[in-house]
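This report refers to the structure that appears directly beneath it.
When a ligand or atom number is given, it counts from 1 through the structure's own listing order. The figures here come from the full heavy-atom set of this structure, side chains too, leaving out hydrogens, waters and symmetry mates.
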Amino acid sequence: MRVACTAIGNKGLSLSSQEAEPRKVIPIVADEAQGELVSLYAAHQKIYPRSVSGVFSNWRWAMVWLTQLIFYGLPWLEWGQRQAVLFDLGARRFYIFGLVLYPQDFIYLTGLMVISALSLFLFTAVAGRLWCGYACPQTVYTEIFLWIEKKVEGDRTARMRRDSQGWSPERALRKGAKHLIWIAVALWTGFTFVGYFTPIKELAGEFVQMSLGPWETFWTFFYGFATYGNAGFMREQVCKHMCPYARFQSAMFDKDTLIVTYDTRRGEPRGARSRKADPQALKLGACVDCSLCVQVCPTGIDIRKGLQYECIGCGACVDVCDTVMDRMGYARGLVKYSTDNAIKQGWTPAQTLRHVLRPRVLIYSSILGAIVLAMLVSLSLRTPFKVDVVRDRGVMARIVEGGRIENVYRLQIMNATETAQHYKLAVSGLPGLALAAENTVLVESTQARWVAVRVQLPAEGAVPGSHTIRFEIDALDGAGHLTEKSVFLVPR
Ligand code: SF4
Ligand code: SF4
């Protein structure tokens, strides 16, 4: 079949065939009536979340208190003569209560990161975005900033009304007061953050005397600015557009993951009615279409449209809907934490929870438990000092007095305790191998010391070539023994 183009006009391109087929017209110019321009840019709609109270709101506030008491309080805690938790980057020492860690202990940081990642996987598989809804700093600081906003500017309705009107002295005063308090909280947060890396009492003195160093000033203001911007202005935008976790968390969901859901079978058809009305007579479901679940949502979504990636699983809509159900005299749980399977199969809470313990959860839990156990065992067996052996490149093997063969090494001994320690050095691996000088070294608390060590071998003690030897180091004032391998060269 041959097809030829017969006409191209501003109405379209017409095609015909030489055989007796009906003419086809494929329009290439949009009809003017359908040619409305659609902007791909949607202007940001400010969200005014309504405050809410209930079980999940109480949990969220409990987490706000817990995380912030730890964050703001920990740097002020003393451990002996020093700050209990201090990451001293300048001295390359990390103090965590009784532990003194060196950069060589990086493996523990790696372990901590693996544990955090696995915990996130586990909690997400069990209960969706539990982290986002209750413990994420973005949620926690937004909650604090919203609370300040409510105290200064009033609840949702008052804020919306005032924002829709023009500027007035009262509005300017309230906004100004709110921003001043926000800035104070943000700066205190930045200051506390820096207090984990610089002794916080010294930092406080410098802050008061306005003599902070350039790095401390930069990080205090940078962290403070990020807190002010993210919790005061960006809010749900961070969760929706910036947070990478929001993007991949759905990969960890399955049909037995607890999520915030609207029970469509119970709720629909939705509609307003009086408290006394019989919903069955009106052929209505339990949803009274009050829109309170949308008004309390910090990301401004309607959970009745199903699971959406914007939902951070905070449970605010659950709390408010339960209040509505109580007021209407209906059973609670129209919006609730449930699973896809439980909603579809009508499982009871006990049946739902039984299905939560599925293979994926058990595998995550076992791996997590094994890594935590390994970390704890490794930390408890950790030798409280470290030794690095470096052959002195400037002094190769040489013959010294009495025809003995001598090699020189440099040993770095790191004392990871908070008292001065004596270490006894010995060497083994070849017959007659011995240290040429005094073999006890003193290292001050939490310090590292380089020592030059001469090792001698009797003439004819070994054939020419390189031989593996071992340095044996014993802590005399505390417990601990380390063995470090090196090489001894015998010249031809
Ligand atoms: S709060 Fe409950 S009753 Fe009100 S609209 Fe939302 S789902 Fe329906
Ligand atoms: S839909 Fe409900 S649980 Fe999800 S973010 Fe909004 S209020 Fe929170």
Heavy-atom pairs closer than 4.0 Å: do any link ligand 2 to the side chain of Ile301, the backbone, both, or neither?
side chain
Which heavy atom of the protein is the closest neighbour of atom 6 (Fe) of ligand 1, given with residue, atom name and distance?
Cys293 SG, 2.3 Å
If you count the atoms of ligand 2 from 1 in the order shown, which ones are under 4.0 Å from a heavy atom of Gly313?
3 (S), 4 (Fe)
Against heavy atoms of Cys317, which atoms of ligand 2 measure under 4.0 Å?
1 (S), 2 (Fe), 3 (S), 7 (S)
Per-atom contacts, ligand 1 versus Val335 - under 4.0 Å to a heavy atom:
7 (S)
Going by ring pair (Phe, Tyr, Trp, His ring centres under 6.0 Å), Phe193 matches just one of Phe221, Phe222, Tyr223. Which one?
Tyr223
How close does the nearest protein non-hydrogen atom get to atom 2 (Fe) of ligand 1, and which residue and atom is it?
Cys321 SG, 2.4 Å
Give a yes or no on whether Gln165 atom CD has more than 12 heavy-atom contacts from other residues, nucleotides or ligands under 6.0 Å away.
yes
Can you tell me if Cys287 has an N, O or S atom under 2.8 Å away from atom 4 (Fe) of ligand 1?
no
Is it the case that more than 12 heavy atoms not belonging to Leu376 sit under 6.0 Å from its CG atom?
yes
Proximal atoms of ligand 2 relative to Gly315 (non-hydrogen, under 4.0 Å)
3 (S), 8 (Fe)
Any N/O/S atom from Cys297 (main chain or side chain) under 2.8 Å of atom 6 (Fe) of ligand 2?
yes
Checking heavy atoms under 4.0 Å, the part of Asp289 that sits near ligand 1 is backbone
Walk me through it: do Tyr245 and Phe248 pass the test ring pair (Phe, Tyr, Trp, His ring centres under 6.0 Å)?
CA-CA 5 Å; Tyr245 175 54; Phe248 70 78; 5.6 Å; yes
Quick one: look up the protein heavy atom nearest atom 4 (Fe) of ligand 1 and list residue, atom name and how far away it is.
Cys290 SG, 2.3 Å
Does ligand 1 have a heavy atom under 4.0 Å from the side chain of Arg304, from its backbone, from both, or from neither?
side chain
Please name the pair of heavy atoms, one in Arg358 and one in Asp254, separated by the smallest distance, quoted to 0.1 Å.
NE-OD2, 2.9 Å
How are the rings of Phe218 and Trp215 set relative to one another: parallel (under 30°), tilted (30 to 60°) or perpendicular (over 60°)?
perpendicular
Are a donor atom and an acceptor atom from the side chains of Gln68 and Tyr141 found within less than 3.5 Å of each other?
yes
Which heavy atom in Gln421 sits nearest to a heavy atom in Thr417, and how many Å separate them?
NE2-OG1, 3.4 Å
Taking the six-membered ring for Trp, is the centroid-to-centroid distance between Trp188 and Phe191 below 6.0 Å?
yes
If we set the cut-off at 4.0 Å for heavy atoms, which region of Ser291 has an atom near ligand 1: side chain, backbone, both, or neither?
backbone
Pair Tyr228 + Phe233: ring centers closer than 6.0 Å:
yes
Give me the residue, atom name and distance of the protein heavy atom closest to atom 5 (S) of ligand 2.
Ile312 N, 3.4 Å
Considering non-hydrogen atoms of the protein only, which is the closest contact for atom 8 (Fe) of ligand 2, and what is the distance?
Cys314 SG, 2.3 Å
min-distance protein heavy atom vs atom 3 (S) of ligand 1 -> Val288 N, 3.5 Å
